[in-house]
Each structure stands twice: as structure tokens, then as C-alpha cells.
Enquirer: 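Have a look at this one.
We name chains A, B, ... by the order of the sequence lines, and we start the count at 1 in each one.
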Protein chains: 2
Amino acid sequence: MPPTRPDPSPEPQLGELVMEVARGLRRRFAVTLEPWGITPHEARALRVVGHHEPTRLGVVATHLRIAPRSVTDVVDALEARGFVAREPDPSDRRATRVALTPEGRRVLDELDAARRADSEDYFAGLSDRDRATLARVLGRLVDDRRAPGG
Amino acid sequence: MPPTRPDPSPEPQLGELVMEVARGLRRRFAVTLEPWGITPHEARALRVVGHHEPTRLGVVATHLRIAPRSVTDVVDALEARGFVAREPDPSDRRATRVALTPEGRRVLDELDAARRADSEDYFAGLSDRDRATLARVLGRLVDDRRAPGG
DNA sequence: TATTGTTATACTCTATAACTATA
DNA sequence: TATAGTTATAGAGTATAACAATA
């Protein structure tokens, strides 16, 4: 019997490959995150908050590209863990800002290091040149989606 | 207001980029699939069945890299739509095989064409060379995960 | 005893719609 | 009227554990 490679199609498409690699990364990162009791989604939200604090929830939604409703949930989870705190926006009483707590900052730093190590391990088999190409090409795709035709 | 690019980190990592691109692809593919009333996950399972039929459910699980429990669900969904059919495996009465129905074959062909067009559109901005590199590098990562160290 | 697939259950990630409080 | 965020609800995609039938 052949070694059952993942093979949804005889000639795999770029899109499939990207999604397959993403699944592998997500699985791996979820395991890495277990000691912190945090999910990849939550870790990503924590990172967004950390790099933009203090930030309105709507801005977090934009950076995460998720619905406002989903931001409520993930910020609830982070706040329950004591990693972030909501505070009223002084300039608009409808708005809410989030900022890291000291604990959140500490955890974010640990998480960044763990993620970095994880990523380096995952992509260890690639040459520097391949990695650079990958970063350039993927970065361009992300930007294209953000500003299509611009 | 600034153009709010997605920016979970000041120096985005390869892993993040891959996952971000995968999210964009998934969103787009989900929209493309709407006329067929099928999800990306189901379409992928249909494709696996189509390229390996008749196949045991366990083999489908391996190709899809999901738990046996999850195969039951997705095959249930495809069977309810009349795209696949379960049949007993003559050589092992514990096992179940799945195969496409004629309708499933027809839909799979349409889906393959739609996916192809979608993918080509999504990656249209890249040079042939960048696409080739992407395919090579990602394909290698997929294989590495399958046979780590081998 | 080990394997195939199912039932039961639950978690993660995401969305739409209706609502509240402000602006 | 429009915006910021919430409550309510739902669906997609995945997992573990216990089990039944068979090997």
C-alpha cells in the first residue's frame, strides 16, 4: 500500500497547498500554546492588542478581519484570563478600548518567543532564499486582498 | 483614519502570513461555492472521495487529516445531498466504502473548474516563477509534515 | 486484543441580526 | 440617522471518549 500522502487532487493547486500548510501550522501552534491555556485565535488577538494598545474594539476587529461580534468573545476570553482590560474611551462614550495588563504583556512576550521558535522549526527545511520568496509573495497576496487593484 | 492594514505584528512571520492567506482563500472559496450549497470542507472531502473511490472512510480520514468522527459527519452531509453513497466493503464487514454518485461526479467536475478559476484569479498577480516557487516550497512543507525526517 | 466506524459531547472560530447607548 | 459594541443565535470545522461489530 502506498504511504497515503494527503492528496485531495492529482495535481494539487496553490490554494489547496496554502490551506494544507496553514492547517499544519495551526495544529502545531495549538499544541505549543497548551501550557498557556490559550488558543491560536486568542494569541493572535492578544498580539494585535499588544501592538496597538490602547485600541478600540473596532480597530481590533479590522486588524483581525473578524466581525465585531467575534471581537467581543475573544476579548472576553482574554479579559477573563487577566491578559487585557477594557476601559472607556474618553473621547467617545460609545467606544471601548482594550489594553494589555502587565500579566498580558508578560505572556505576550513569552508567546511571541514560542511562536518564533515554532515557526523557525516548521520552516527549518527551507533555504533562506525560499523563505524570503515565500514572505515576499505571501505578503503581497495579503496586501492585494486588502487593497485590490490598488 | 489610517488604512488599517492587517498587522498582528510589526514584523509578520511566515506562519502568520500563510494563515492569513489561507483565511482569505477560504472566505473566497466559500462564496464561490454558494451556488452549490456546499462548504469548502465538504468540497474537499468530495474531491478526496472522487480521486480515490471506492474508498474506505478511514482512508478518507487519512487524506483529509481529520478524526474518524469528523469523516462520519462530512460523509453524512455529502450523502444527504446525494453526492456520495456508502456501501459495505466486501472484504471486511467492519469497513464501509464511499463512492461518488453520477450526480456527485458531475458536481465534482463543476467544483474543480470553479476552484481552478478561483485559484487562478487569486494568484493572478504573481509571476509564473513566483507561483512555481510557491508550489514547490509549500509542497515540500506538506510532505515534510507527512514524513518528518524522512 | 485490535480495528472500523458510530453515537455522544464539546470546543474553536466565525457570521448575521436585533438591540442599546450614544453621537 | 449612523456608529460602537453587546446579546442572541447559528453554522463550520474539529477533537476525545465510549461503544458495537467484526477481525
Enquirer: Between B/I38 (CD1) and D/dA12 (P), how many Å, whole number?
Expert: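 So the two atoms are 11 Å apart, to the nearest Å.
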Enquirer: Using whole Å, what does the distance between atom C1' of nucleotide D/dA12 and atom CG of B/L64 come to?
Expert: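 In whole Å, D/dA12 C1' and B/L64 CG are 14 Å from each other.
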Enquirer: Of all the choices, D/dA23, C/dT7, D/dG5, which nucleotide is nearest to the side chain of B/T72 once you look at every atom?
Expert: C/dT7
Enquirer: What is the separation between atom CD on A/E42 and atom C1' on C/dC11, rounded to the nearest whole Å?
Expert: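 Rounded to the whole Å, the gap is 11 Å.
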Enquirer: If you find the nucleotide of DNA chain D closest to A/T55 and the one closest to A/R27, which residue's nucleotide is nearer the 5' end?
Expert: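 This one resolves to A/T55.
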Enquirer: Counting side-chain heavy atoms from CB outward, which of D/dT6, D/dG13, C/dT22 is closest to A/D92?
Expert: C/dT22
Enquirer: So among B/T62, B/I66, B/V59, which one has a side-chain contact (heavy atoms from CB on, under 4.5 Å) with B/V71?
Expert: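 Of the listed residues B/T62, B/I66, B/V59, the side-chain contact (heavy atoms from CB on, under 4.5 Å) partner of B/V71 is B/I66.
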Enquirer: Could you tell me whether A/S70 contacts a base, only the sugar-phosphate backbone, or nothing, with contacts defined as non-hydrogen atoms closer than 4.0 Å?
Expert: base
Enquirer: Name the nucleic acid region contacted by B/R23, choosing base, sugar-phosphate or nothing; use a 4.0 angstrom heavy-atom cut-off, strictly under.
Expert: sugar-phosphate
Enquirer: Rounding to a whole Å, what distance do you find between B/E34:CD and D/dG11:C1'?
Expert: 13 Å
Enquirer: Please state how far atom CZ in B/R65 lies from atom P in D/dA15, giving the value in whole angstrom units.
Expert: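 Taking atom P of D/dA15 as the reference, CZ of B/R65 is at 12 Å.
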Enquirer: Can you tell me how far P of D/dA12 sits from CG of B/L33, to the nearest Å?
Expert: 12 Å
Enquirer: Please give, in whole Å, the distance from D/dA12 P to A/M19 CE?
Expert: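 Interatomic distance, CE of A/M19 to P of D/dA12: 16 Å.
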Enquirer: Look at all strands and tell whether A/R86 reaches a base, only sugar-phosphate, or nothing, counting heavy atoms closer than 4.0 Å.
Expert: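 Here A/R86 touches the backbone only, sparing every base.
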Enquirer: Using a 4.0 Å heavy-atom cut-off, does B/R69 contact any base of the nucleic acid, only the sugar-phosphate backbone, or nothing at all?
Expert: base
Enquirer: Looking at C/dT6, C/dT14, D/dG5, which one has an atom nearest to any side-chain atom of A/R56?
Expert: D/dG5
Enquirer: Would you classify B/T39 as touching base, sugar-phosphate or nothing, given that sugar-phosphate means primed atoms plus P, OP1 and OP2, and contacts are heavy atoms under 4.0 Å?
Expert: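 Touches sugar-phosphate only.
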Enquirer: Can a donor-acceptor pair under 3.5 Å be found between the side-chain atoms of A/R93 and the base atoms of C/dT22?
Expert: no
Enquirer: Any Lys/Arg nitrogen of A/D130 or B/R136 sitting under 4.0 Å from an Asp/Glu carboxylate oxygen of the other?
Expert: yes
Enquirer: Starting at CG of B/D73 and ending at P of C/dC11, how long is that distance when rounded to a whole Å?
Expert: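 That distance rounds to 17 Å.
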Enquirer: Please compare B/A67 and A/R94 by the position of their nearest nucleotide in DNA chain D and report the one closer to 5'.
Expert: A/R94
Enquirer: What's B/A95 touching, base or sugar-phosphate or nothing? Going by heavy atoms closer than 4.0 Å.
Expert: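 Sugar-phosphate contact only.
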Enquirer: Does this structure show an ion pair linking B/R65 with A/E20, if we count only N-O contacts that are shorter than 4.0 Å?
Expert: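 Here B/R65 pairs with A/E20 in a salt bridge, since their nearest N and O are under 4.0 Å apart.
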Enquirer: Less than 4.0 angstrom from a charged side-chain N to a carboxylate O is my criterion; do A/R131 and A/E120 meet it?
Expert: no
Enquirer: Is any NZ, NE, NH1 or NH2 atom of the basic residue among B/E16 and A/R44 found under 4.0 Å from an Asp or Glu carboxylate oxygen of the other?
Expert: yes
Enquirer: Using a strict threshold of under 4.0 Å (side-chain N to carboxylate O), is an ion pair present between A/R86 and A/D76?
Expert: yes
Enquirer: Applying a 4.0 Å non-hydrogen cut-off, can you work out what A/R26 is touching in the nucleic acid: base, sugar-phosphate, or nothing?
Expert: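 Since no nucleic acid heavy atom lies under 4.0 Å of A/R26, the category is nothing.
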